[in-house]
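The structure appears below as structure tokens.
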Amino acid sequence: MIRNLNIHGDNIVECERAFKLCKKALSIETSSIAIESTVFCPCYNASTETDEYIFTFFPGYGRWNKDILSLLHTEKDSLREAPDVVITEIINDIEKPLLAIEYCGALPAGNQAWQRSGRGYSTGKSKVPYLYIAELGGYELDSNRNRKAARTPNPAIPFSYITYSKEYSMVLPIYEKSPGCDEESERLYQNVFSEKQLIEIVECILLGKEYTEAEKELENKIISFIQIKAATSKGTITLSEEQWKKAYDVICNNESLITFLCKNNPINWKKTAYIDGLTESAQKFMNIASKYAIGITSSKLPMCIIPNSTKADFVKEVITLYPYLSENFKKWISKKDNLIIAWIMGFKPRGDDARPDRGLVPFVRMLTGKNADILTFVYGPAPTATWKLFEENPVKLGSTNGLWEAIFSASDAVLVDSATSKKKLNILKNEFQNKDFKPVDKNISVNTVPIKIGENDVDTILHTLLTQIKGIDIFEGMCNPPGGDWSGISVLDKKNKTEYRWLSLPRVSQTEAKRPDHVFQIFGLSDKPILLSVESKEGARELETEIGERLNRYLYDLLKTPVNAEKKTNVDDWKYSEHKLSKDNFLFASAAAYICMREGDFELVENKVGCDIIFSYYFDDNGKCIIKISSYSELGKKIAEAICKADCPLGNLSLVVV
């Protein structure tokens, strides 16, 4: 039996990660690029003892004839947030979503780890299983690349995934060991790392089997992590190890976490804000809430409960503070139920969105449940034009702004007290919910030629060409397409059979060098391996002047510092490392890659970038691509000729040396 699986991803790297995971789950040891691969959608053949598979990659959302994300946005309060990967199966020419995955190579930034909660919130509503794969044991680095403190999320965040999974489909975090994890962190989290459960769950999903047991094991590992966090918590009052376990037992019995917290573990809570322009009345509202509220698992998180036992007095003071609240709003807030308040600063001093706040209200909803009454209080300095749209057309405001979309999606009511608004605004769900929402067409199939060609294609083609090419020995040390996370650069020591890796890469080094989009290590063309750094852009005018020198300088600077991790080439397990490599062991070359869209582009780039090689892409109306490779140094010429002489892996790609 031949099964056709599509991997839709934010970019080619996410597609590759998911493919590697699928191969592990299905015990596929070998795979080969398919003859029918296109330059836009690499395609791979793979097989097991019982089945044959064709995996097709679709890198980059929103550029195909059909939007695969529409299959995850099936409810009226879904968000436009996109997971890194959606895996589908083609059945009778229709794509059926099997699994969504989010990869987080970045360090979880304490409380701000809720930034991605909107993706799990929205995907869970569609009943598509969702896995959030994050790393534990990594360290933040200072400007000199010395280790600072370890970064881990607040325990309420992984707990919210479990709570949400009880109400919808599986939406759970998976914790893997960070490549930079040292022995101390490895011992601390040895009962938390969940690769075994990850493989089992993905295998069951791909093969249509039940995964209840593996899901339960995963939940236990998440609770183990939460208890470790509780035991090592400093400076913030939170639930104890025992209380977290009791809270888990409560939600497993379909009981209310909020009721449990009110009755058993009231935590003193106080709201503070340190922004310029905080209104006097907003400060008073914070003081009123602090007087009556209890914390939701923590004394510091920007969310709290007004228990029904003190709610009447709270409401009386709020109505005195804001006498112009609508009658419907007063009626809603006066209900006897417990009230949840989410606190949104939301906007930086210049009025642009504070990105992490997009995930805050979805996080609160995931943690407290679909039946909780959530009031979102917005006190940040949004642009003045926001408030006119808020009053006149809140549905349009939500459809054009991701932060407001998240607030409206997960809230029951919104109260605004902002320095940029002349009025104290209030609104209920029936006023901001989109009543014209129509269910999406689930019978879709995505064509392998994109509607729009762009930077994703530049990166996809270069990556596929140089990793699948035969006749030249190339190791990919970094690939950073649009939406990538720059999680590291690797170099390979063939003599020691060891891969060395730098983590937490700065965008620009201290010498103003520029971080590359790609790094390839080429063997066999000289007495030393060549490190080829590539800057890729959609068009000629986006490439920076004299970028070649800055690309090389980035690697020079990096090689002055110790690596952060190493592993043998025949294993997957990384070890913490402080090994130093020498710049003298490598040759360096730089390259620029772009799409030649109009007459004069090539001459512009040739005179501008100062690179050893230029990859100029030309596409015809049938989707065929020609890459003209020009060189500007002896080393560049050697690389260009070797690439063109090798066997090209893609049928509709031609390479020409110019």
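No hydrogens, no waters, no symmetry mates; every other heavy atom, side chains included, goes into these values.
Judged purely by distance below 3.5 Å, without hydrogens or angles, the side chains of Y632 and S630 pair a donor atom with an acceptor atom. In this structure, a donor-acceptor pair under 3.5 Å is absent between the side chains of T460 and D457. Side-chain contact of S490 with Y500: a donor-acceptor pair under 3.5 Å is absent, judged by distance alone.
Residues F615 and S536 have side chains not in contact (no heavy-atom distance under 4.5 Å, counting atoms from C-beta outward). In this structure the side chain of S590 never reaches within 4.5 angstrom of the side chain of I547, judged on heavy atoms. Taking the side chain as every heavy atom from C-beta outward, E499 and W574 approach each other to under 4.5 Å. Looking at T545 and K608, their side chains come closer than 4.5 Å, going by heavy atoms from C-beta outward. Between K23 and F55 the shortest side-chain heavy-atom distance does not fall below 4.5 Å. Here the side chains of L525 and L587 are not in contact, with every heavy-atom distance at 4.5 Å or above. In this structure the side chain of L21 reaches within 4.5 angstrom of the side chain of I101, judged on heavy atoms.
Across all non-hydrogen atoms, the minimal contact from E14 to V85 is O-CG2, 3.3 Å. Scanning all heavy atoms of the two residues, the minimum distance from S631 to A640 falls at CB-CB, 4.4 Å. Across C15 and I7, no two heavy atoms sit closer than the pair SG-O, 3.5 Å. For the residue pair K221 and S194, the shortest heavy atom distance occurs at CD-OG, 3.5 Å. Scanning all heavy atoms of the two residues, the minimum distance from Y554 to A513 falls at N-CB, 3.3 Å. Nearest heavy-atom pair, L551 versus A591, reported as atom, atom and distance to 0.1 Å: CD1-O, 3.8 Å.
R550 has a carboxylate O that lies under 4.0 Å from a charged side-chain N of E544, or vice versa, which qualifies the two as a salt bridge. Salt-bridge check for E634 with K638: failed, with every basic side-chain N at 4.0 Å or more from each acidic carboxylate O. The pair D612-K637 does not count as a salt bridge, with every side-chain nitrogen at least 4.0 angstrom from each carboxylate oxygen.
Under the 6.0 Å cut-off for aromatic ring centres, Y53 and Y44 do not qualify, their centroids lying 6.0 Å or more apart.
More than 12 heavy atoms of other residues, nucleotides or ligands lie within 6.0 Å of CG in N570, so this atom counts as buried by the packing criterion. For E603, the CD atom sits in a packed shell: over 12 heavy atoms of surrounding residues, nucleotides or ligands are nearer than 6.0 Å. The neighbour count for K528 NZ, taken as heavy atoms of other residues, nucleotides or ligands under 6.0 Å away, is above 12. Within 6.0 Å of CD1 on I451 lie more than 12 heavy atoms contributed by other residues, nucleotides or ligands. Within a 6.0 Å sphere centred on CD of E599, heavy atoms belonging to other residues, nucleotides or ligands number 12 at most. The number of heavy atoms from other shown groups lying within 6.0 Å of CD (E546) is above 12. Dense packing is recorded around NZ of K568, with more than 12 heavy atoms of other residues, nucleotides or ligands lying under 6.0 Å away.
Taken to the nearest 0.5 Å, the CD atom of E538 stands 5.5 Å off from the CD1 atom of I595. Here CD of E203 is found 7.0 Å from CG of L26. Values are rounded to the nearest 0.5 Å.
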Worked verdict on N4 versus T56 for side chain to side chain contact (heavy atoms under 4.5 Å, CB included): CA-CA 8 Å; N4 288 280; T56 304; 5.8 Å; no
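In this structure, F520 and H518 have parallel ring planes: the angle between them is below the 30° cut-off, well short of the 60° mark. Ring geometry, F225 versus Y175: the interplanar angle falls from 30° to 60°, so the pair is classed tilted. In this pair, H8 and F58 present their aromatic rings parallel. The plane angle is below 30°, not in the 30 to 60° band.
Cation-pi geometry between K583 and Y556 is met: the NZ or CZ atom falls under 6.0 Å from the ring centre, inside 45° of the normal.
Of the candidates E135, E186, E195, K177 forms a salt bridge (charged side-chain N to carboxylate O under 4.0 Å, His left out) with just one, namely E186.
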